[in-house]
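Input: a single structure, listed below in structure tokens.
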Amino acid sequence: MAPDSELVADRNLAMELVRATEAAAIRAFPLIGKGDKNAADGAAVDAMRAFLGTVDFEGLVVIGEGEKDNAPMLFNGEIVGTGHGPKVDIAVDPIDGTSLTAAGRMNAISVIAVSDRGTMLDASSVYRMQKFVTGEPGVGVCDMSMSIKDNLTEYARAAKKDVTELLVAVLDRDYNEDVIDEVRSAGAATRLLRDGDVAGGIQAARSESRIDMCIGKGGSPEGIVTACGVRALGGFMQGKLAPRDESEIAAGNKAGLKFDYVYQMDELVNSDNTFFVATGVTDGPLVSGVRKKGSLILAESIVIRGKTGTVRKIFAEYQAARWL
């Protein structure tokens with residue numbers, strides 16, 4: 001162990017940001033299962049924005065709620081925080097899984113990811129991204145240029161498993177049907193996600209998770225959020241933009257994005273100083289959802305820091321009378 005003189009306490013920004021994800025999740029709680037995803041998202045956005053304004057940093061929203069004319073808060077390009085302290089890029093999703101929240105389904109989370117200023121890829125002009133995420137066994141082994149079958153075979157060898165033991169998370173969409181078929185044809189099992197592929201990607205990168213991989217098309221903004229967490233966990237990730245039409249190609253070209261190109265981890269987020277914070281809105285294997293117990297509101301969060309490689313689970317109790 002290092003002597004005390006070498007143990008220098010520094011600031012863990014994520015421990016302050018978790019208050020913003022907790023607030024967003026708690027504000028969305030009364031709207032879980034009520035069928036109005038816009039109301040749930042609006043409540044979460046308001047709460048997250050208010051709490052971010054108290055944090056000593058200057059955060060440039062790279063991945064947010066959309067362009068300024070479509071979103072009154074947390075829009076792409078907005079500056080959040082007090083303006084004092086480190087300058088960073090920030091990606092926010094007050095609710096990843098608004099449809100899940102509205103329906104009362106599992107796996108909705110409130111999430112924030114942060115990296116040093118100028119290190120986060122702005123892929124927001126292209127809606128979808130083909131993603132490939134694994135934990136540490138996939139580093140230097142997996143590659144999107146190979147077939148899914150070959151990737152499963154090589155990953156299984158590195159992880160000292162049989163392919164038939166592998167579990168692959170895939171967003172359950174018609175545009176991922178080929179991916180699902182290839183995974184099953186290779187002998188692996190699938191876990192189909194209704195929404196919320198950020199949680200699926202983080203689970204794939206965690207060593208204790210049952211999920212080995214998270215692959216297939218999902219949201220590009222969510223891909224950048226996921227990359228911050230996966231990098232902090234020492235996992236593997238690649239991404240390839242999947243434009244839906246010519247207008248997205250034009251917008252992507254204008255933004256300097258590359259098509260028919262595999263983005264490596266360092267290109268998705270080029271910093272070892274990343275933070276990933278998520279609070280459960282509804283229950284899921286990554287974190288439990290918000291719940292009310294008597295006079296208390298209970299919230300569970302996961303906080304991941306790239307600089308130190310630490311993962312924390314945080315359990316918070318709030319006085320319900322002050323929130324609901």
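Below, each value reflects all heavy atoms present in this structure, side chains not excepted, and no hydrogens, waters or symmetry copies.
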- Joint hydrophobic cluster, V287 plus V18, side-chain heavy atoms closer than 4.5 Å: no
- S115 and V88: which non-hydrogen atoms are nearest, and at how many Å? O-CB, 3.2 Å
- Query: Any salt bridge between R19 and E22, counting N to O under 4.0 Å?
  - Reply: no
- Kindly indicate, with the supporting measurements, whether the criterion side-chain contact (heavy atoms from CB on, under 4.5 Å) is fulfilled by Y155 and R157. CA-CA 5 Å; Y155 177 90; R157 183 179 293 114; over 6 Å; no
- Task: For residues A113 and C228, report the shortest heavy-atom separation together with the two atoms involved.
- Result: CB-CB, 3.6 Å
- What's the spacing between D36 CG and I32 CD1 if we round to 0.5 Å? 13.5 Å
- Message: side chain to side chain donor-acceptor pair (under 3.5 Å), that's the test. Do D56 and T82 meet it? Break it down for me.
- Response: CA-CA 5 Å; D56 282 335; T82 65; 2.8 Å; yes
- Item | Side-chain (N151) to main-chain (D143) donor-acceptor, under 3.5 angstrom | yes
- Task: In sequence, state the C-alpha distance, the side-chain angles, and the governing distance for E65 and V45, and then conclude on side-chain contact (heavy atoms from CB on, under 4.5 Å).
- Result: CA-CA 9 Å; E65 289 291 285; V45 169; 3.5 Å; yes
- Message: Quick test of your reading of the model: are R117 and E58 salt-bridged, counting only N-O distances below 4.0 Å?
- Response: yes
- Mind checking the CG-CD1 spacing from L74 to I63? Nearest 0.5 Å is all I need. 13.0 Å
- Query: Which heavy atom in D283 sits nearest to a heavy atom in G289, and how many Å separate them?
  - Reply: OD1-N, 2.7 Å
- For V141 and A158, which heavy atoms make the closest approach, and how far apart are they? CG2-CB, 4.1 Å
- Task: Check whether any side-chain heavy atom of I224 lies under 4.5 Å from a side-chain heavy atom of M129, and answer yes or no.
- Result: yes
- Message: Regarding T279 and S301, do their side chains bring together a donor and an acceptor under 3.5 Å, going by distance alone?
- Response: yes
- K313/E300 salt bridge by N-O under 4.0 Å criterion: yes
- E248 with R244: basic N within carboxylate O range, under 4.0 Å: yes
- Just say parallel, tilted or perpendicular for the rings of F132 and F236, cut-offs at 30° and 60°. perpendicular
- Any salt bridge between D272 and R231, counting N to O under 4.0 Å? yes
- Task: Measure the CZ-CG distance between R210 and L167 for me, rounded to the nearest 0.5 Å.
- Result: 4.5 Å
- Query: Can you tell me how far CD1 of I304 sits from OG1 of T274, rounded to the nearest 0.5 angstrom?
  - Reply: 8.5 Å
- Does the pair E78/R49 count as a salt bridge with the N-to-O cut at 4.0 Å? yes
- Task: Please answer whether the main-chain N or O of L13 pairs with a side-chain N or O of R305 as donor and acceptor at a distance below 3.5 Å.
- Result: no
- Message: Do F315 and L298 make a side-chain contact, defined as non-hydrogen atoms from C-beta onward lying under 4.5 Å apart?
- Response: no
- Item | F57 vs L52 side-chain heavy atoms within contact, under 4.5 Å | yes
- Query: N176 side chain to K217 main-chain N or O, any donor-acceptor pair under 3.5 Å?
  - Reply: yes
- Query: Ion pair present between K87 and D116, side-chain N to carboxylate O less than 4.0 angstrom?
  - Reply: no
- Could you pull out the closest heavy-atom pair between G59 and I90, with the gap in Å? C-CG2, 3.9 Å
- Taking atom types as modelled and ignoring hydrogens, do the side chains of S124 and N76 form a donor-acceptor contact shorter than 3.5 angstrom? yes
- R173 and D197 ion-paired at < 4.0 Å: no
- At what distance, to the nearest 0.5 angstrom, does OG1 of T21 lie from CG of D93? 12.0 Å
- Item | Heavy-atom side-chain proximity of M48 to S110 below 4.5 angstrom | yes
- side-chain contact (heavy atoms from CB on, under 4.5 Å) between L100 and R194, intermediate numbers included: CA-CA 8 Å; L100 299 176; R194 287 181 179 270; 3.8 Å; yes
- Task: Would you confirm whether the ring centroid of Y263 sits within less than 6.0 angstrom of the ring centroid of Y261?
- Result: yes
- Task: Flag yes if more than 12 heavy atoms outside E208 fall under 6.0 Å of its CD atom; otherwise flag no.
- Result: yes
- Close side-chain approach of I180 to L192, heavy-atom, < 4.5 Å: yes
- Query: Can you check whether I95's main-chain N or O pairs, donor with acceptor, with T98's side chain at less than 3.5 Å?
  - Reply: no
- Under 3.5 Å, is there a donor-acceptor pair between the side chain of D89 and the main chain of T119? yes
- Query: Per the salt bridge (Lys or Arg N to Asp or Glu O under 4.0 Å) rule, which among R206, R191, K161 passes with D212?
  - Reply: K161
- Message: Assess whether a salt bridge exists between R105 and D195, defined as any Lys/Arg side-chain N lying under 4.0 Å from an Asp/Glu carboxylate O.
- Response: no
- Query: Does K292 use its side chain to pair, donor to acceptor, with the backbone of G294 at less than 3.5 Å?
  - Reply: yes
- Query: If you round to the nearest 0.5 Å, how far is CG of L241 from NZ of K258?
  - Reply: 11.0 Å
- Given side chains that start at C-beta, do those of F275 and K307 come closer than 4.5 Å, heavy atoms only? no
- Please determine, by modelled atom types, if D245 and S247 share a side-chain donor-acceptor pair under 3.5 angstrom. yes
- Item | Residues, nucleotides or ligands: over 12 heavy atoms within 6.0 Å of Y318 OH | yes
- Message: I need the minimum non-hydrogen distance between A278 and I109, along with the two atoms involved.
- Response: CB-CD1, 4.1 Å
- Close side-chain approach of D46 and R27, heavy atoms under 4.5 Å: no
